[in-house]
Number of protein chains: 2
Amino acid sequence: MSTKALSIKDIAKKANVSITTVSFIINGKGVEKNISTAVIERIEKIIQEDGYKPNQVARSLRMGTSKIIGLIVEDISNPFFAGIARLIEDKAYKKGYKIIYSSTENQPGKTKELIDLFKSRQVDAYIIAPAEGARIEIEKLLLENKPVVLFDRYLPDLNVNYVGIDNFNASYNAVKQFVKDKRKNIALVTVDIDVEQINHRLDGYKQALIDHQMPFSAGLVIKMPFGQTKEETIDRLVQLFKSHPEIDAVLFATNYLAIGGLMALKQMNKMVNERFSVIAYDDGDVFKLHTPQISAVEQPLDEISDNIINLIFQQISAKEQLAPQQIILSGRLIIR
Amino acid sequence: MSTKALSIKDIAKKANVSITTVSFIINGKGVEKNISTAVIERIEKIIQEDGYKPNQVARSLRMGTSKIIGLIVEDISNPFFAGIARLIEDKAYKKGYKIIYSSTENQPGKTKELIDLFKSRQVDAYIIAPAEGARIEIEKLLLENKPVVLFDRYLPDLNVNYVGIDNFNASYNAVKQFVKDKRKNIALVTVDIDVEQINHRLDGYKQALIDHQMPFSAGLVIKMPFGQTKEETIDRLVQLFKSHPEIDAVLFATNYLAIGGLMALKQMNKMVNERFSVIAYDDGDVFKLHTPQISAVEQPLDEISDNIINLIFQQISAKEQLAPQQIILSGRLIIR
DNA sequence: CTGAAAGCGCTTACAG
DNA sequence: CTGAAAGCGCTTACAG
């Protein structure tokens with residue numbers, strides 16, 4: 001249906017040179033290839049005037065690269081991932097790369113599907129927050145020497161680039177803060193997916209209890225099924241708070257669980273106050289504006305995306321295989 | 001660096017048939033092309049076992065289509081756009097399409113850049129929340145008969161598909177609600193970008209004042225510069241509330257302005273209560289969890305993205321040029 | 001029923 | 001200093 005775009009042939013014909021010459025000039029190799037300044041200028045003018053843009057698809061086919069980076073996350077509308085997406089987009093754009101994204105919804109099969117799809121589109125690099133079952137697919141990418149950076153969730157024993165925060169310590173410090181505030185019955189609300197990041201949040205919680213000579217009570221750890229509705233989350237939490245009135249502090253292992261928790265409290269008319277504390281993972285406006293303000297573990301989005309993009313471009317431009325790096329940043333506990 | 005992927009040639013050689021035959025089978029034209037069932041099954045088995053995936057880049061070059069949809073918004077990390085991105089992604093994926101996105105930051109030149117880039121990547125359709133200065137570029141796309149759907153912001157006098165909410169009425173109803181609550185001095189906090197969507201929010205505000213015999217006071221309408229920092233927004237609003245203590249209701253024309261406004265109020269220790277009301281555009285958890293809860297104009301994300309995706313696929317599959325449709329949905333005023 | 005060949009728009013090794 | 005030609009991996013009109 002649409003009008004035909006100009007091709008390199010059209011420009012070559014118009015300028016009375018070969019497409020080789022035009023190609024060299026487009027790619028800034030005019031001088032290097034000893035093309036006369038007069039010809040270079042003449043052709044650049046034509047390109048400029050006619051608004052010719054090289055067909056990147058043809059270029060991709062020929063070169064085997066696409067200048068596209070694939071981003072695979074659990075849910076692009078989650079503020080954490082949306083924030084990362086925005087920052088990465090910006091940094092990639094400055095180097096001439098674009099981002100294609102997809103959400104896995106934590107479905108095990110989806111990662112494979114997405115990676116295959118991205119592969120067939122010749123994406124140059126993969127940024128992945130691995131869902132459950134992603135390990136084999138990522139191993140395959142590594143075998144093929146594709147540039148890969150994981151973030152948010154680490155895959156233990158896999159020698160791969162990773163950027164994330166120290167979840168163990170973040171949880172540990174949150175609990176430590178509760179103890180300092182004389183809390184006696186500290187609950188952890190987390191999610192039942194089996195990924196390192198989430199497991200470490202639990203481990204840090206447990207270790208902090210041990211180190212402060214506090215008993216660990218299984219009843220105070222709630223693992224929510226992944227993907228349950230917000231209403232189900234709220235109901236479960238209302239039940240928890242009712243059946244365990246002794247709870248005087250809650251650490252929420254994710255942003256959306258904290259929001260569900262605050263809604264449950266609101267519904268019960270239970271106040272967050274000197275006798276009941278809350279700490280949430282992933283800071284946000286909602287916690288700053290809450291009355292009272294809610295403490296949170298802030299993930300440094302800017303630092304995370306900087307590191308991701310740097311690792312990606314290091315790999316893209318590397319002549320040989322680089323040793324993978326694991327970059328662990330600190331989550332900042334913001335006490336309010 | 002990476003291992004070579006299988007090509008259609010490899011499969012053809014292995015199966016001892018021509019690449020034509022393999023291509024027909026891949027594309028489900030085996031039966032139509034009278035290829036024997038035996039051959040079809042044999043080749044499908046080989047494809048399956050070897051994990052062959054056709055190179056989509058080559059396919060794009062040959063076909064002139066990419067099964068990629070370009071999404072251009074102001075800022076992908078804005079919850080409204082992130083929500084739309086997620087829903088669109090899902091619906092597109094089910095039809096075999098992927099999304100490539102970019103944020104314009106409302107910079108006039110950026111839209112052209114992005115459209116050119118997307119064009120050179122052969123994207124099949126464009127979903128655009130137009131920034132200032134996007135008009136000419138969109139006109140060009142229309143001239144080339146590319147499938148285009150605008151959303152969020154409309155471009156008047158441009159005959160193009162559009163999905164959005166009735167901003168005039170949403171503002172009108174918000175002000176009407178304030179009047180019903182006996183508010184006397186209703187402020188509007190908006191942004192200084194000159195796009196229909198934002199202008200209509202102002203128009204609805206003005207008209208509602210007129211219809212309810214209330215004076216319009218220019219001092220009660222604040223147009224914030226686009227792109228100012230959150231701190232600047234907060235400072236400006238603190239000033240506003242201090243210099244106009246008579247204000248007893250505020251309509252915020254965007255989500256982030258409302259958040260800034262609530263922060264300003266918090267900083268001033270000024271309460272939202274029976275004597276001071278707030279309504280925000282774009283509902284969110286932050287308003288539900290605020291104490292007291294904040295009323296909001298909810299944009300129906302699901303309905304918006306459904307309509308966008310339907311319009312896109314109607315155009316993609318149309319044999320001839322379709323008459324553009326403007327779909328105006330209702331913003332729902334949620335009174336809390 | 002199946003295959004050889006052209007062509008999508010590029011890049012680049014090679015020739016002159 | 002510049003160009004003809006091969007080839008990236010597909011699809012499809014055409015031939016038999």
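Every chain is numbered from 1 and lettered A, B, ... according to where its sequence line falls, protein lines coming before strand lines. Since this is a predicted model, take the numbers as computed values, not measurements.
Nucleotides of DNA chain C nearest to B:Asn16 and A:Gln56 differ in position, and the one nearer the 5' end is that of B:Asn16. The 5' end of DNA chain D is approached more closely, in terms of each residue's nearest nucleotide, by A:Ile35 than by the other of B:Ile8 and A:Ile35.
Remark: B:Thr21 OG1 to B:Asn16 CG distance equals 11.0 Å, nearest 0.5 Å.
Listed nucleotides: C:dC10, C:dG3, D:dG3. Nearest to the side chain of A:Pro54: C:dC10. The nucleotide whose nearest atom lies closest to any side-chain atom of A:Leu61 is, among D:dC8, C:dA4, C:dC10, D:dC8.
Residues B:Ile69 and B:Ile100 have side chains not in contact (no heavy-atom distance under 4.5 Å, counting atoms from C-beta outward). A 4.5 Å side-chain heavy-atom check between A:Pro130 and A:Ile138 finds at least one atom pair inside the cut-off. Side-chain atoms of A:Asn78 and A:Val73, non-hydrogen and from C-beta on, never get closer than 4.5 Å to each other. Residues A:Tyr52 and A:Ile8 form a side-chain contact, since some pair of their non-hydrogen atoms from C-beta on lies under 4.5 Å apart.
Using a 4.0 Å heavy-atom criterion, one finds that A:Val39 contacts the sugar-phosphate atoms exclusively. Here A:Val17 lies in heavy-atom contact (under 4.0 Å) with sugar-phosphate atoms only.
In this pair, B:Phe151 and B:Phe81 present their aromatic rings perpendicular. The plane angle is above 60°, beyond the 30 to 60° band. The aromatic rings of B:Phe118 and B:Tyr126 sit tilted, their planes meeting at an angle between 30° and 60°.
The interatomic distance linking A:Asp10 (CG) with C:dC10 (C1') rounds to 13 Å, in whole Å. Note: NZ (B:Lys9) to C1' (C:dA5) measures 13 Å, nearest angstrom. Here the P atom of nucleotide D:dC1 and the CD atom of A:Glu32 are 15 Å apart, to the nearest Å. With rounding to whole Å, B:Lys119 atom NZ is found 19 Å from C:dC10 atom C1'.
Remark: B:Glu49 pairs with B:Lys45 by the salt bridge (charged side-chain N to carboxylate O under 4.0 Å, His left out) rule, at least two apart or across chains. Remark: A:Arg135 engages A:Glu139 in a salt bridge (charged side-chain N to carboxylate O under 4.0 Å, His left out) (not counting sequence neighbours). For B:Lys33, there are no salt bridge (charged side-chain N to carboxylate O under 4.0 Å, His left out) partners two or more places apart in sequence or in a different chain.
For the residue pair A:Asp75 / A:Ser77, a side-chain donor-acceptor distance below 3.5 Å is found, with atom types taken as modelled.
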N/O contacts under 3.5 Å, protein versus nucleotides 12-16 of chain C?
| residue | atom | partner | partner atom | Å |
| --- | --- | --- | --- | --- |
| C:dT12 | OP2 | A:Lys29 | NZ | 2.9 |
| C:dT12 | O4 | A:Thr20 | OG1 | 3.3 |

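Here the separation of C:dT12 from D:dC1, taken at their P atoms, is 22 Å to the nearest Å. Comparing C:dG3 with D:dC10, their C1' atoms are spaced 16 Å from each other, to the whole Å.
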Dot-bracket summary - DNA chain C, pairs being Watson-Crick or G-U whose distances fall under 3.5 Å, with | when paired to another strand: |||.||||||||.|||
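Using a 4.0 Å cutoff on non-hydrogen atoms, no part of residues 44-53 of chain A comes near DNA chain D.
The two residues A:Ser66 and A:Asp124 make their nearest non-hydrogen contact at N-OD1, 2.8 Å.
The side chain of A:Ser18 places an N or O atom within less than 4.0 Å of a non-bridging phosphate oxygen (OP1 or OP2) of D:dG3.
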